[in-house]
Amino acid sequence: MGSKNNPSFLGSAWNLWLNRRSSNSSQIESRSKESYYFIYNCEINELEYISSSILDVLGYTAEEFDLNKLFLSIHPDDLDYCNKCEYSSFQLRDRVFYKELFTYLISYSFRLRTKAGNYITIKQQYQTIETDECGRMFKNFVHHEKIDDYETRSEFDFQIIDKIKNRSINFSSKFKLTKREVEILDLINEGYQSKEISEILNVSYHTVRTHRKNILSKTESSSLIEALKKNNV
């Protein structure tokens with residue numbers, strides 16, 4: 001296991017977040033003072049590996065901060081929104097194969113009370129880094145970054161981001177579709193015609209046409225261009 005402030009098992013993919021203080025860039029150094037991270041153990045409901053930079057953001061030392069303090073620090077007016085975001089993320093976990101969990105990043109913002117008593121706006125992003133033997137979330141890497149306050153939350157604040165395709169997905173629309181329909185929609189977006197798609201997926205041309213009709217019906221779209229937009233493809 002890695003040290004409390006730099007869990008080595010995460011690997012190099014997390015270096016941008018974990019090693020900001022060692023960077024020569026003044027911009028990244030500045031941002032590092034406004035962000036922190038921790039590992040959330042879902043099985044025992046505890047925070048692990050809390051970064052020392054939490055002191056710069058919330059005023060707490062890593063030893064002072066725990067899950068209970070996190071929950072109590074959320075602004076009362078944001079609690080319902082946070083619950084809705086987590087409910088949506090639960091749906092994601094229920095509908096994808098467990099190995100796919102590692103490819104998605106959950107992102108949304110809310111206000112947290114600092115140790116000094118004032119509220120700041122935090123952008124929370126997290127993803128699964130470990131699952132249990134049943135494929136359920138076991139540990140999440142959670143990153144909090146202080147962002148500018150806002151009067152009205154953006155309608156696009158909550159996002160599920162496909163890290164492989166580097167884009168957000170429309171959760172409610174995407175998961176009306178089967179995995180095959182999503183594959184076909186992605187291939188259409190890449191410019192392939194139905195005949196080419198049938199060859200790539202080794203299915204009949206008629207099957208592809210049927211999937212296309214189902215995509216239009218499920219997304220309530222009049223064209224595939226509209227369906228692509230609704231799925232943020």
Heavy-atom closest pair, residues [X] and [Y]:
| X | Y | answer |
| --- | --- | --- |
| Ser53 | Ser35 | OG-O, 2.8 Å |
| Ala62 | Ser51 | CB-O, 4.4 Å |
| Ala227 | Thr219 | CB-OG1, 3.7 Å |
| Thr131 | Phe102 | CG2-CZ, 3.8 Å |
| Ile147 | Ser109 | CD1-CB, 4.1 Å |
| Lys69 | Glu64 | CE-O, 3.1 Å |

Check whether [X] reaches the backbone of [Y] with its side chain - one donor and one acceptor, N or O, closer than 3.5 Å.
| X | Y | answer |
| --- | --- | --- |
| Ser221 | Leu224 | no |
| Asn140 | Val142 | no |
| Glu196 | Tyr192 | no |
| Ser217 | Asn214 | no |
| Ser154 | Phe156 | yes |

For Arg209, enumerate each residue passing the side chain to side chain donor-acceptor pair (under 3.5 Å) test, keeping only those at least two apart in sequence or located in another chain.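 Here no residue qualifies.
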Got a sec, which residues hit side chain to side chain donor-acceptor pair (under 3.5 Å) with Tyr119, two or more places apart in sequence or on another chain?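 In terms of side chain to side chain donor-acceptor pair (under 3.5 Å), with neighbours along the sequence ignored, Tyr119 is linked to Arg113.
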Mind checking whether Phe141 and Tyr37 have ring centres under 6.0 Å apart?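 Ring centroids of Phe141 and Tyr37 are less than 6.0 Å from each other.
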Do [X] and [Y] share a hydrophobic cluster (ILVMFWY, side-chain heavy atoms under 4.5 Å, transitive)?
| X | Y | answer |
| --- | --- | --- |
| Phe138 | Tyr49 | no |
| Tyr87 | Leu79 | no |
| Leu216 | Tyr205 | no |
| Leu55 | Leu70 | no |

Evaluate the side-chain proximity of [Y] to [X]: yes if any heavy-atom separation is below 4.5 Å, no if none is.
| X | Y | value |
| --- | --- | --- |
| Lys218 | Thr178 | yes |
| Tyr40 | Asn45 | yes |
| Ile120 | Leu58 | yes |
| Gln159 | Gln125 | no |
| Leu177 | Leu185 | yes |
| Ser52 | Thr61 | no |
| Ile188 | Gln193 | no |
| Ile197 | Glu183 | no |

Kindly assign one of parallel, tilted or perpendicular to the pair Tyr60 and Phe65, based on the angle between their ring planes and the thresholds 30° and 60°.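 Ring orientation of Tyr60 relative to Phe65: tilted.
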Can you tell me how far the CZ atom of Arg111 sits from the CG atom of Asn118, to the nearest 0.5 Å?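 Reported to 0.5 Å precision, the distance equals 12.5 Å.
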Indicate yes or no: does Glu43 engage Lys139 in a salt bridge with an N to O separation below 4.0 Å.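 No.
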Is there a donor-acceptor contact under 3.5 Å linking the side chains of [X] and [Y]?
| X | Y | value |
| --- | --- | --- |
| Thr207 | Ser204 | yes |
| Tyr126 | Ser107 | no |
| Asn41 | Glu46 | no |
| Glu86 | Tyr108 | yes |

Listed by chain and number, what are the ring pair (Phe, Tyr, Trp, His ring centres under 6.0 Å) partners of His144, not counting sequence neighbours?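 Tyr36, Phe38, Phe110.
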CA sep, side-chain torsions, deciding dist, call: Leu201, Val208, side chain to side chain contact (heavy atoms under 4.5 Å, CB included): CA-CA 9 Å; Leu201 299 180; Val208 174; 5.5 Å; no
Salt bridge (Lys or Arg N to Asp or Glu O under 4.0 Å) between Arg153 and Asp78, worked out: CA-CA 10 Å; Arg153 182 181 286 112; Asp78 291 346; 3.3 Å; yes
Apply side chain to side chain contact (heavy atoms under 4.5 Å, CB included) to the pair Gln124 and His143, showing each step before the final yes or no. CA-CA 6 Å; Gln124 173 173 277; His143 180 259; over 6 Å; no
